[in-house]
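Shown next, in structure tokens, is the structure this report addresses.
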2 protein chains.
Amino acid sequence: MRLSRAKILSRALELLDEQGLEALTMRKLATALGVHVGGLYWHFDGKQALLDSMAEDILGLLAPPGPDLEWRERLTALAGSLRQALRSRRDGARLVAGTFVAQPNTLSTGSALTSAVLNAGIAPERASTLAFALFYYVLGHTIEEQARDSQSSESFEALLVQAEGASEEAEASLRSMYEVDADQRFFTGLDVFLDGLSLEASKSPHPRA
Amino acid sequence: MRLSRAKILSRALELLDEQGLEALTMRKLATALGVHVGGLYWHFDGKQALLDSMAEDILGLLAPPGPDLEWRERLTALAGSLRQALRSRRDGARLVAGTFVAQPNTLSTGSALTSAVLNAGIAPERASTLAFALFYYVLGHTIEEQARDSQSSESFEALLVQAEGASEEAEASLRSMYEVDADQRFFTGLDVFLDGLSLEASKSPHPRA
DNA sequence: ACCTGAACACCGTTCAAGT
DNA sequence: ACCTGAACACCGTTCAAGT
């Protein structure tokens with residue numbers, strides 16, 4: 001069974017789903033491929049290079065929104081699709097957060113977000129800044145979602161008990177994370193950001209679309 | 001020289017500043033303290049417990065805003081102070097992102113944000129969700145800021161060259177991260193979110209303050 | 001060109017034994 | 001109570017040597 005970048009990559013993504021980011025080691029990956037560790041280093045420069053490729057692969061799942069969407073629907077679709085892409089693999093958000101790659105899919109994700117923000121009527125010199133702001137929100141939210149997936153519900157109970165002593169707000173905060181489902185929390189925060197964008201655009205309009 | 005939780009913790013934070021999160025190992029920490037590795041495990045249950053304590057220590061730097069501030073000023077101060085706390089140590093944001101602790105400072109950070117959002121006039125059942133949204137934004141932004149600090153400017157040049165081939169937007173995006181300073185990017189994104197909050201509050205007002 | 005085999009320089013964690 | 005000393009079970013990476 002011959003090796004190849006593609007084969008290594010897909011096996012690595014499988015391992016990620018099965019065991020999580022922590023357990024993804026070059027040695028386990030080699031064993032899973034029926035090969036000695038050293039062999040991997042002919043195809044990839046190192047573990048980080050492999051992780052970068054995995055992140056790039058995940059961002060490749062981002063669905064380009066239909067071209068006839070209004071800016072707000074377009075940004076909602078993009079942000080939702082980005083979140084889904086990150087959620088497609090266990091620890092996907094943390095994986096992407098740990099890499100900073102200039103590869104096709106990563107760059108096109110950035111430019112898709114930026115052009116959608118431009119379409120909202122935001123001035124060019126602020127558009128990319130705000131596109132990144134949106135990206136950070138999606139990334140941060142999804143990291144936390146997946147962190148919760150990996151946590152046993154018992155340890156979350158314990159956390160709640162701890163919080164009860166602290167303050168009303170602290171307890172209510174945690175409880176809402178437990179009760180309100182992730183989709184709703186995600187889109188609630190997103191909508192507030194988009195409300196802000198539309199207000200920003202109406203203040204100093206740069207018409208487009 | 002006797003060991004203690006406090007001594008281990010402060011030496012660990014120094015090591016973090018000097019070498020970064022990757023290089024912070026139990027063995028190096030033990031050596032820096034003039035002690036054998038095993039000794040650390042009497043004071044901390046494991047490396048994660050130490051990291052949790054470090055995160056808790058960092059969040060302890062969050063300055064409580066004056067009580068007579070208007071909600072928007074209060075949230076701006078809180079978010080800015082949170083960012084500064086995370087930036088007080090090398091890789092501070094990534095450190096905090098990797099922990100999910102129910103300890104006093106962590107919980108009080110959450111409740112400070114939540115009560116400030118409540119003060120903005122947001123309905124209680126949405127306040128904590130939006131407080132978290134804000135938290136994710138600050139965390140994500142600061143992680144990226146610190147990632148850039150740790151990157152050589154040459155590798156950033158190389159990234160830009162890569163991006164030039166991709167698309168206009170991609171290049172402009174990256175260039176803006178390079179040119180616009182971090183403070184300005186941070187508060188630009190924050191303002192948009194706060195604009196959204198005020199709009200949200202005016203739609204279904206829950207008056208407070 | 002592509003992989004083996006073995007080594008190098010590390011890790012986190014445990015635990016009997018010492019003091 | 002607090003730490004030593006030593007071991008266990010891992011890591012990522014390199015590289016001569018094989019095919």
Side-chain angles (χ1 to χ4, degrees), chain A residues 1-56 90-91 94-95 97-101 147 150-152 155, chain B residues 1-56 90-91 94-95 97-101 147 150-152 155:
Chain A
M1 202 261 230
R2 240 11 197 19
L3 232 49
S4 71
R5 279 183 68 95
K7 256 178 230 162
I8 294 174
L9 193 54
S10 78
R11 201 79 192 76
L13 288 165
E14 282 174 35
L15 228 84
L16 179 67
D17 268 343
E18 293 163 13
Q19 319 225 26
L21 190 55
E22 262 63 53
L24 177 64
T25 70
M26 296 300 270
R27 296 177 105 92
K28 278 189 197 153
L29 178 56
T31 304
L33 287 161
V35 96
H36 288 229
V37 216
L40 298 176
Y41 287 81
W42 197 91
H43 297 275
F44 287 93
D45 280 344
K47 188 179 184 179
Q48 189 56 55
L50 175 63
L51 294 173
D52 288 350
S53 291
M54 294 170 71
E56 171 69 3
R90 165 124 77 128
D91 296 329
R94 243 166 70 220
L95 173 65
T99 65
F100 193 52
V101 219
S150 305
Q151 253 189 358
S152 62
S155 75
Chain B
M1 203 260 230
R2 227 44 180 5
L3 230 50
S4 71
R5 279 183 70 94
K7 256 179 230 163
I8 294 173
L9 192 55
S10 78
R11 200 80 192 77
L13 288 166
E14 282 175 34
L15 228 82
L16 179 67
D17 267 343
E18 293 163 13
Q19 318 226 27
L21 190 56
E22 263 62 53
L24 179 64
T25 70
M26 296 300 270
R27 297 179 105 93
K28 279 187 196 155
L29 179 55
T31 304
L33 287 161
V35 97
H36 289 229
V37 216
L40 299 176
Y41 287 81
W42 198 90
H43 297 274
F44 286 93
D45 280 342
K47 188 179 184 179
Q48 190 57 55
L50 175 62
L51 293 173
D52 288 351
S53 290
M54 292 170 72
E56 171 70 1
R90 167 125 74 128
D91 297 329
R94 245 167 67 220
L95 173 66
T99 65
F100 194 53
V101 219
S150 305
Q151 254 190 358
S152 61
S155 76

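Within every chain, numbering begins at 1; the chains are lettered A, B, ... in the order of the sequence lines, protein sequences first and strands thereafter.
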So CD of A/Glu18 and CG of A/Leu13: to nearest 0.5 Å the spacing works out to 11.0 Å
What is the separation between atom CZ on A/Phe44 and atom P on D/dT14, rounded to the nearest whole Å? 15 Å
On a whole-Å scale, what distance lies between the P atoms belonging to C/dA9 and D/dA9? 22 Å
Under the salt bridge (Lys or Arg N to Asp or Glu O under 4.0 Å) test, residues paired with A/Arg11 that sit two or more places apart: A/Glu14
Between D/dT14 atom C1' and A/Lys47 atom NZ, what is the distance in whole Å? 17 Å
Quick check: on DNA chain D, is the nucleotide nearest B/Arg27 upstream (toward 5') of the one nearest B/Ser4, or the reverse? Name the residue that is more 5'. B/Ser4
Take the protein atom CZ of A/Arg2 and the nucleotide atom C1' of C/dC3, then report the distance between them rounded to whole Å. 9 Å
Nucleotide of D/dC3, C/dC11, D/dG5 approaching B/Thr25 most closely (side-chain heavy atoms): C/dC11
Might you point out which heavy atoms bring B/Ile8 and B/Leu29 nearest each other, and give the distance in Å? CG2-CD2, 4.0 Å
Return the value, rounded to whole Å, for the distance between atom CG of A/Leu33 and atom P of C/dC2. 16 Å
Any side-chain heavy atom of B/Leu33 within less than 4.5 Å of one from B/Leu40? yes
Between the OG1 atom in A/Thr99 and the CG atom in A/Leu51, the distance rounded to the nearest 0.5 Å is 8.0 Å
Length of the line joining B/Tyr41:OH and C/dT13:C1', which is rounded to integer Å: 5 Å
Which nucleotide in the set C/dT13, D/dT13, C/dC11 lies at the smallest distance from any side-chain heavy atom of B/Val37? C/dT13
Here the salt bridge (Lys or Arg N to Asp or Glu O under 4.0 Å) pairs for residues 21-50 of chain A, sequence neighbours left out, are A/Glu22-A/Arg94
Within the 4.5 Å heavy-atom criterion, are B/Gln48 and B/Asp52 side-chain neighbours or not? yes
Euclidean distance, atom NE2 of residue B/His43 to atom P of D/dC3 [Å, nearest integer]: 4 Å
Secondary structure of DNA chain C in dot-bracket form (Watson-Crick or G-U wobble, distances below 3.5 Å, | marking inter-strand pairs): ||.|||||...|||||.||
Take the protein atom NE2 of B/His36 and the nucleotide atom P of C/dT13, then report the distance between them rounded to whole Å. 19 Å
Would you kindly give the CH2-to-P distance between B/Trp42 and D/dC3, to the nearest whole Å? 8 Å
Output the single nucleotide from D/dT13, C/dG12, C/dC3 whose closest atom is nearest the side chain of B/Met26. C/dG12
